[in-house]
Amino acid sequence: MKIRVLIVDDDALVRAGLSMILGGTGDIEVVGEAADGDQVPKMVAQHRPDVVLMDIRMPRVDGLSATEVLRATTGSPEVVVLTTFHADAQVLRALRAGAAGFLLKDIPPVDLVAAIRRVASGEPILSPAVTRQLISHVADGGAGGRRDSARVLLARLSEREREVAVAVGQGRSNAEIGGELYMSVATVKAHVSRILTKLGLNNRVQIALLVHDSES
């Protein structure tokens, strides 16, 4: 089955370029394009994409707001934020809202395609190093409150679940976590699923952010 992608960007040239790049693959299909965040709910309901490429800055409804609405919906597609900035407050907020990662708009086509494939398979495209860079470079006066809140949330987990959460925060794959903690990949996946459910999160990026917040 092809990976279904919805492109959301207010720049028609960007949308055309992305469509051309993705249209040249054999396993990715661009099912729709939107010029503003207010069009996202309708387009998602109509086209049922697997991945949404979401611009941050749009005139009526920005990508952050659109991502928050979308990821709060059961069964929503994965969201990948498109940006021109490495360290942007809105990018970090989008990740906290449930985006699976972000891509710079000047990303090489081959890397763009690989990133979409990874996200569609359930893998985040955000390294712990980039997460730390975002957190450290974006001024945010609420860091202390988030640290306390993160520690309270992590305290809900069992000791084994906390070990898995920390490993996720370190960017470990399921196979790497299994090797380090002497458990099968299936068991790791089960732990990650329980962590997401217990903490009300919807992807591994949010687990990583929570771990980093607790250590700040």
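Only this structure's heavy atoms are used, side chains among them; waters, hydrogens and symmetry mates stay out.
Formation of a donor-acceptor pair under 3.5 Å by the R4 side chain with backbone atoms of G32 is not found in this model. Listed for the N203 side chain is a donor-acceptor partner under 3.5 Å among the backbone atoms of G98. Checking side-chain atoms of R204 against main-chain N and O of V168 turns up no donor-acceptor pair under 3.5 Å.
Under a 4.5 Å side-chain heavy-atom cut-off, the cluster of Ile, Leu, Val, Met, Phe, Trp and Tyr residues that includes M43 is completed by L6, V8, V40, V44, V52, M54, M58, L70, V79.
For S214, there are no side chain to side chain donor-acceptor pair (under 3.5 Å) partners, not counting sequence neighbours. Applying the side chain to side chain donor-acceptor pair (under 3.5 Å) rule to T73 yields no partners; only residues at least two apart in sequence or on another chain are considered. Scored by the salt bridge (charged side-chain N to carboxylate O under 4.0 Å, His left out) test, E68 finds no partners at all (sequence neighbours excluded). E33 meets the salt bridge (charged side-chain N to carboxylate O under 4.0 Å, His left out) test with R15; sequence neighbours excluded.
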> Under the side chain to side chain contact (heavy atoms under 4.5 Å, CB included) criterion, do Q206 and L210 qualify, and how do the steps go?
Replying inline: CA-CA 6 Å; Q206 288 185 321; L210 191 70; over 6 Å; no
> Under the side chain to side chain contact (heavy atoms under 4.5 Å, CB included) criterion, do V164 and I207 qualify, and how do the steps go?
Replying inline: CA-CA 10 Å; V164 172; I207 295 176; over 6 Å; no
>> Apply side chain to side chain contact (heavy atoms under 4.5 Å, CB included) to residues D55 and K105 and explain how you reach the verdict.
In response: CA-CA 9 Å; D55 187 24; K105 287 188 176 181; 3.1 Å; yes
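With respect to E163 and R160, a salt bridge is recorded, a charged nitrogen being found less than 4.0 Å from a carboxylate O. For the pair D10 and R60, the salt-bridge criterion is not met [side-chain N within less than 4.0 Å of a carboxylate O]. D213 and R96 are joined by a salt bridge, as a carboxylate oxygen and a charged side-chain nitrogen come within less than 4.0 angstrom of each other.
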Please output the side-chain donor-acceptor pairs of residues 22-31 that fall under 3.5 Å, not counting sequence neighbours, one pair per line with the distance.
unit_1	atom_1	unit_2	atom_2	d
T25	OG1	L22	O	2.8
T25	OG1	I28	N	3.2
D27	OD1	R117	NE	3.4
D27	OD1	R117	NH2	3.0
D27	OD2	R117	NE	2.9

